[in-house]
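Heads up: the structure comes next, in structure tokens.
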Amino acid sequence: MSRPQAPVPEPTPLVVVAAGTTAGSAVREAGLPGKGPDAVVVVRDAEGRLRDLSWAPAEDTEVEPVAADTEDGRSVIRHSAAHVLAQAVQQLFPEAKLGIGPPVKDGFYYDFDVERPFTPEDLRALEKRMKQIIKGSQRFSRRVVDSVEAAREELASEPYKLELVDLKSEVDTSEVMEVGGGELTVYDNLDPRTGDRVWGDLCRGPHVPTTRHIPAFTLTRVAAAYWRGNERNPQLQRIYGTAWESTEALDRHLELLAEAERRDHRRLGAELDLFSFPDEVGSGLPVFHPKGGLVRRELEDYSRRRHEEGGYEFVYSPHITKGALFETSGHLGWYRDGMFPAMHLDEERDENGVVRRQGQDYYLKPMNCPFHNLIYRSRGRSYRELPLRLFEFGSVYRYEKSGVVHGLTRVRGMTQDDAHIYCTPDQLQDEIRSLLTFVLDLLRDYGLDDFYLELSTRNEEKYVGSDEDWERATDALRAAAEASGLELVLDPGGAAFYAPKISVQARDALGRTWQMSTIQVDMQLPDRFDLEYTAPDGSRQRPVMVHRALFGSIERFFGVLTEHYGGAFPAWLAPVQVVGIPIASDHVEHLLGVAKELRSRGVRVEVDTSDDRMQKKIRNHTTQKVPFMVLAGANDVENGAVSFRFRDGGQLNGVPVATAVAAIADWIGRRENSSPTAETFEPAGAAG
RNA sequence: GCCGACGUAGCUCAACUGGCAGAGCACUCGCCUUGUAAGCGAGUGGUUAGGGGUUCGAGUCCCCUCGUCGGCUCCA
């Protein structure tokens, strides 16, 4: 499965719209398509604003036609589909009040206030009604409302729209789809024959010319959402859908969703016997089975090796600590809600229930850094020791809200590959730069190679520390990010309370992005822990601290890799690397010999000696995604050879045992990330 | 935390309006001895997530708890 490729549109020639005529007629006269996947649905004016085809400028104007199969074109189709959905809802549920209905990535939604939440049956009925509306070829007609008062009057029965109008009259914001652009507009849906207004909605547009220009859509799910995203506001019912320029494009999208479902790590975790979430343990607390354990151990071992080579020192810290430590670090002040509640221990009371001895609050640790700081300050430090890099596979526990726990990617107990680097302010720049290189190289070794960076800066409502410190830290990160040459996206206000961060976002095999590594410069904790080192001149200086997790958490990284590879792990990570499959029981002996040799080379190999037929064994181990199936029948036994079958069904027959063993060990040793095939797997003899 | 849907064998799913809990796969035991994705037969397996209620009778209806899923909010 390759990444979804947006069709590359031909560079669109500009079209001149004559004064007083519509953009649509200019587009038609230019001979541009009016239907089909590349139909022009809107135009872009000189200021970059999208305009309806019915737009008629007062002067001759050059515009760029926007086709349905572009991202902008799809957004317009989706926005129009949202309107059709809203019309359908109000026809079937006249009491429904409208929220907002914007296009979003890959689709659209519309929020409604209804007495009774929508059911799946409602969705089917709504789809049906939407199809009727689309067939009816209603015209989207733009109308400017003269004044806020006029708008209020018109929208009297739509309380949420009224709120938007009032919002608009206070601050002109283009954030909200419904309003913006300097004036209040309504889009009316007109009957094509009579011209009667069938329905209308406060909206800044633009829209496709008629409902017929929504070639393919489907409603996907229904969910609740807070009005204007605030949990203090009432909850509305949100209907999600997707719409595309053609049925083919819609089908491709649905196929991608189906593929994502097949690759879902929660499903693969059960199918491949990797891990599970026993109810008895608790929500968000996974256990790893032997096969998942093997993959995880390989992940960790390789990381450990690379960290050793990279100058990291390994430390260990307990899972639980007295509360004072997190008072010092500030976590109890800022993030108590995200922590498991305290265990109150060691309190003693006398027979009257009066406290005789004060107890202590112990907490499960949500982060490792305070412990590493204690290690740092366990003795005096010299500038000669810096940068000091402390690394730990540290298990942390966070009390995630019940609604966010999700497979391995959002858990309550996880192991971070956590490192804290202590350096002098002078070293910071170089350290971050080399750290970023280290992180990206390592991610590439695991098969992720499509990245962009995100720089999260201070949240003005939630931070500690001085402006200068924040600026210095942010600059250091920005410089390193820019030096990497990767795409850099800004995330204003996204930082943790104590430090700005760079996060590495990786795109997987399906083109989805995942936040992986984070690098944070911290100028707060060294203060709070009073960390020092002795400088060359004998003075005591404060080190700068860098937090970084590479996998984020092992669990999450495991989940991402599982989905990236669809369970077909690279041979070096695969829990079972080779399965020997005898054609008949007579050939078991031969394969046991081969297996013994492989095992002596460190290969994880099994021989399937069950009563199943050979074909069945191939099926079983194919579904288990074993990279190498090594078959042997009478011919192979006679020739001292084996025959390969690969995941993709390809085969390579009569390979001498010694050659086969060496080639397998070599493939694994190289940490080749692709699946071996008859073409890519060349036993030494063939490769010369 | 909020809204909604869901929870039947290890897995995937049946069981019409309340009326004897079933199938395929997996697993166990036989037979079969096989050349690149399911050989044949038999058997084991369930307090229908847990608890309470309505009813002559509850997998099915009602209430509570736990969990899962989809969103919202949150995410050190």
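Computed over heavy atoms, backbone and side chain alike; hydrogens, waters and symmetry mates excluded. In what follows, chains carry the letters A, B, and so on, assigned in the order in which the sequence lines appear, proteins first and then strands, with residues in each chain numbered from 1. Computed from a predicted structure; not experimentally measured.
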Touch class at under 4.0 angstrom, heavy-atom based, for [X] against every strand present:
X	value
A/Asp337	nothing
A/Tyr498	sugar-phosphate
A/Thr220	nothing
A/Arg221	sugar-phosphate

ask   = Which word best sums up how the rings of A/His319 and A/Tyr397 line up, parallel for under 30°, tilted for 30 to 60°, or perpendicular for over 60°?
value = tilted
ask   = When the ring planes of A/Phe275 and A/Phe277 are compared, do they come out parallel, tilted or perpendicular, using 30° and 60° as the limits?
value = perpendicular
inquiry  = So for atom CD, which belongs to A/Glu261, do other residues, nucleotides or ligands contribute more than 12 heavy atoms lying within a distance under 6.0 Å?
reply    =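 12 or below, so no.
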Identify which nucleotide among [options] has an atom closest to any side-chain atom of [X], counting heavy atoms from C-beta outward.
X	options	result
A/Gln615	B/rA37, B/rG70, B/rC75	B/rA37
A/Arg398	B/rG67, B/rA76, B/rA37	B/rA76
A/Thr623	B/rA37, B/rC75, B/rG39	B/rA37
A/Met614	B/rU36, B/rG39, B/rC74	B/rU36
A/Ile618	B/rC32, B/rG35, B/rA37	B/rA37
A/Met367	B/rU36, B/rA76, B/rG71	B/rA76
A/Asp636	B/rU68, B/rG35, B/rG39	B/rG35

Salt bridge (charged side-chain N to carboxylate O under 4.0 Å, His left out) contacts in which one or both residues fall within [range], not counting sequence neighbours:
range	answer
residues 396-413 of chain A	A/Glu400-A/Arg410
residues 621-644 of chain A	none
residues 327-338 of chain A	none
residues 103-119 of chain A	A/Asp111-A/Arg238, A/Arg116-A/Asp122

[atom1] gap between [N] and [M], integer Å:
N	M	atom1	result
B/rA26	B/rC69	P	27 Å
B/rG10	B/rA49	P	12 Å
B/rC13	B/rG70	P	15 Å
B/rG51	B/rC74	P	38 Å
B/rG18	B/rA58	C1'	6 Å
B/rC66	B/rG52	C1'	15 Å
B/rC72	B/rC11	C1'	32 Å
B/rU48	B/rU8	P	12 Å

query = Is there a donor-acceptor contact under 3.5 Å from the side chain of A/Arg548 to the main chain of A/Asp417?
reply = yes
Would you kindly give the [atom1]-to-[atom2] distance between [X] and [N], to the nearest whole Å?
X	N	atom1	atom2	result
A/Leu285	B/rU68	CG	C1'	15 Å
A/Gln624	B/rU36	CD	C1'	18 Å
A/Lys616	B/rA37	NZ	C1'	10 Å
A/Asp648	B/rU36	CG	C1'	12 Å
A/His331	B/rC75	NE2	C1'	13 Å
A/Asp122	B/rG70	CG	P	21 Å
A/Arg619	B/rU34	CZ	P	23 Å
A/Phe371	B/rA76	CZ	C1'	14 Å

message = Using the ring pair (Phe, Tyr, Trp, His ring centres under 6.0 Å) criterion, which residues pair with A/Tyr226? Sequence neighbours excluded.
response = none
request  = Mind running a 4.0 Å heavy-atom check of residues 577-590 of chain A against RNA chain B and sending the residues that fall below it, in number order?
outcome  = A/Ile583, A/Ala584, A/Ser585
inquiry  = Output one letter per nucleotide in nucleotides 1-7 of chain B: B when a protein non-hydrogen atom lies under 4.0 Å from the base, S when only the sugar-phosphate is that close, - when neither is.
reply    = BBBS---
request  = Can you sort out the partners of A/Arg556 under side-chain hydrogen bond (donor to acceptor under 3.5 Å, both in side chains), two or more places apart, ordered by chain and number?
outcome  = none
All side-chain hydrogen bond (donor to acceptor under 3.5 Å, both in side chains) counterparts of A/Ser675, not counting sequence neighbours = A/Arg647
If the cut-off is 4.0 Å, is [X] near the phosphate of [N], judged by side-chain N/O to OP1 or OP2?
X	N	value
A/Arg228	B/rC72	no
A/His406	B/rG70	yes
A/Arg266	B/rG70	yes
A/Arg238	B/rG71	no
A/Tyr397	B/rA76	no

Between the protein and nucleotides 42-46 of chain B, which nitrogen or oxygen pairs are less than 3.5 angstrom apart?
none

ask   = Got A/Phe288 and A/Phe558 here, is their nearest side-chain heavy-atom distance under 4.5 Å?
value = yes
query = Going by atom types alone, do A/Glu163 and A/Trp227 pair a side-chain donor with an acceptor below 3.5 Å?
reply = yes
ask   = Can the ring centres of A/Tyr110 and A/Phe108 be said to be less than 6.0 Å apart?
value = no
ask   = Looking at A/Tyr463 versus A/Tyr498, is the centre-to-centre ring distance below 6.0 Å?
value =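 No; A/Tyr498 has its ring centre 6.0 Å or more from that of A/Tyr463.
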message = Under 3.5 Å, is there any donor-acceptor pair linking the side chain of A/Arg613 to the base of B/rC32?
response =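 No such pair is found, so the answer is no.
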Test salt bridge (Lys or Arg N to Asp or Glu O under 4.0 Å) applied to A/Asp527 - qualifying residues, sequence neighbours left out = A/Arg542
message = In dot-bracket form, 5' to 3', how is RNA chain B paired? Count Watson-Crick and G-U wobble pairs only if both distances fall under 3.5 Å, and write | where the partner sits on another strand.
response = (((((((..((((.....[..)))).(((((.......))))).....(((((..]....))))))))))))....
query = So is A/Lys365 actually on top of A/Phe371's ring, under 6.0 Å and inside 45° of the axis?
reply = yes
note = Assert: residue with more 5' nearest nucleotide on RNA chain B, out of A/Pro366 and A/Gly654, is A/Gly654
